[in-house]
Amino acid sequence: MPGGRLTQQERQQIALGLADDLAYAEIARRLDRPTSTVTREVMRNGGPAGYRADLAQRATEHRTHRRAAPPRDPHLADRPDDGRDPGAVDAFEEAITTVFMQSGLSRMPARVLAALLLTDSGSLTATELARRLQVSPASVSKAVAFLDEQSMIRRERDERRRERYVVDDEIWYQSAVASAHANAAVAATARQGVVVLGSTSPAGTRLENIARFLDHLSEMLLRAADQGRDVLFTKPVREPDGPADGPAGGPADDPANGSANGPSDSRS
């Protein structure tokens with residue numbers, strides 16, 4: 001009987017077995033593993049309805065990394081010593097990567113997107129990404145190609161002619177629009193079913209109600225996305241440092257010469 005941790009291939013077999021509604025004992029028999037191993041694996045990774053092989057593999061790698069791997073150097077160019085807690089940053093990066101994977105992204109694109117989002121510049125080269133994520137350049141190349149295809153990042157050239165990958169602030173807007181269009185497509189198809197099944201039949205009525213709901217949802221989502229789009233580009237407002245600062249951290253008003261934005265007034 002094989003020992004040690006489950007492999008990624010074994011986790012994929014577990015996921016396939018769960019999809020086929022096999023009992024834990026049958027999945028374990030096919031893997032030549034104890035039933036308790038399969039049961040524990042499934043229950044600690046989302047249960048039979050939520051088990052995903054890639055997320056389970058990632059969770060195991062993260063636990064192993066925390067126990068065995070040395071901390072990443074916070075003084076690397078792409079991980080500056082900016083006063084932030086490196087452990088807290090790493091934990092948050094793991095958390096948001098997992099959320100991206102749960103939302104449908106595969107493992108490496110999720111890691112690349114998280115790394116870019118957590119970088120103040122929102123921009124890294126392939127070399128910086130590979131060093132930060134401790135993966136091969138080939139893995140980075142495939143991930144950025146996918147993200148670029150999905151309009152989630154864009155490519156730029158810096159002053160040294162290096163290709164940089166930049167996280168696009170509009171990805172959330174584009175994602176909302178794409179979701180609205182997908183809902184609209186389902187609604188349109190549902191209405192085809194109304195014609196086929198009859199508008200007065202129970203099935204036809206159900207499909208018409210689904211179509212109306214999704215049309216309403218799509219319209220609201222598009223309107224909200226357009227209204228909130230500017231939020232994605234809001235700059236942080238600096239707190240005043242003292243009397244010398246203006247309302248938003250800018251130059252102070254000069255009673256004699258007027259403010260930087262126009263003549264002074266009589267306000268105190």
Side-chain angles (χ1 to χ4, degrees), residues 1-74 76 78-79 84-119 124 129-136 138-144 146-147 150 152-153 167 171-172 175 179 182:
M1 183 178 295
R5 296 188 182 91
L6 291 166
T7 66
Q8 187 166 5
Q9 290 74 22
E10 286 176 318
R11 290 190 166 94
Q12 289 168 351
Q13 290 300 312
I14 290 174
L16 290 173
L18 293 172
D20 290 339
D21 204 23
L22 297 180
Y24 293 156
E26 176 59 20
I27 297 173
R29 187 186 66 77
R30 295 185 180 190
L31 295 176
D32 196 18
R33 291 276 193 171
T35 302
S36 60
T37 298
V38 174
T39 304
R40 185 167 56 249
E41 166 70 13
V42 174
M43 297 312 296
R44 78 186 303 182
N45 290 291
Y51 184 83
R52 274 183 53 182
D54 54 350
L55 289 174
Q57 181 71 18
R58 175 170 176 76
T60 298
E61 290 173 353
H62 180 46
R63 288 192 295 269
T64 303
H65 178 76
R66 281 189 305 180
R67 287 194 297 265
R72 284 184 278 189
D73 184 356
L76 290 173
D78 55 334
R79 297 298 296 271
R84 295 166 177 157
D85 179 353
V89 173
D90 282 350
F92 176 73
E93 187 168 340
E94 290 288 342
I96 198 168
T97 298
T98 301
V99 169
F100 288 154
M101 291 174 67
Q102 291 170 339
S103 300
L105 281 181
S106 56
R107 180 169 175 269
M108 192 50 62
R111 294 190 68 197
V112 169
L113 182 59
L116 289 171
L117 282 173
L118 269 64
T119 306
L124 293 169
L129 278 166
R131 183 169 67 241
R132 179 188 178 106
L133 300 177
Q134 299 178 350
V135 297
S136 69
S139 298
V140 170
S141 178
K142 291 179 182 177
V144 297
F146 172 81
L147 293 171
Q150 303 299 312
M152 301 180 80
I153 63 171
V167 69
I171 64 172
W172 313 110
S175 175
S179 179

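Since we're looking at a predicted model, the values are computed, not measured.
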More than 12 foreign heavy atoms under 6.0 Å from CG of Asp20: is that the case here?
yes
Looking only at heavy atoms, what is the nearest atom pair of [X] and [Y], with distance?
X	Y	result
Arg111	Val135	NH1-CG1, 3.6 Å
Thr7	Gln57	C-OE1, 3.9 Å
Gly104	Arg52	N-NH1, 4.5 Å
Leu6	Arg11	O-NH1, 2.9 Å
Leu129	Val112	CD1-CG1, 4.1 Å
Val42	Pro48	CG1-N, 3.5 Å

Name all residues meeting the side chain to side chain contact (heavy atoms under 4.5 Å, CB included) criterion together with Ala130; count only those two or more places apart in sequence or in a different chain, and write none if there are none.
Val140
Who pairs with [X] by side-chain hydrogen bond (donor to acceptor under 3.5 Å, both in side chains), at least two apart in sequence or on another chain?
X	answer
Ser136	Ser139
Gln9	none
Thr39	none
Tyr24	none

Only counting residues at least two apart or in another chain, list the ones meeting salt bridge (charged side-chain N to carboxylate O under 4.0 Å, His left out) with Arg30.
Glu26
With Leu22, which of Ile27, Val38, Leu16 fulfils side chain to side chain contact (heavy atoms under 4.5 Å, CB included)?
Ile27
Polar side-chain atom of Ser175 near backbone of Ile171 as donor-acceptor pair, under 3.5 Å:
no
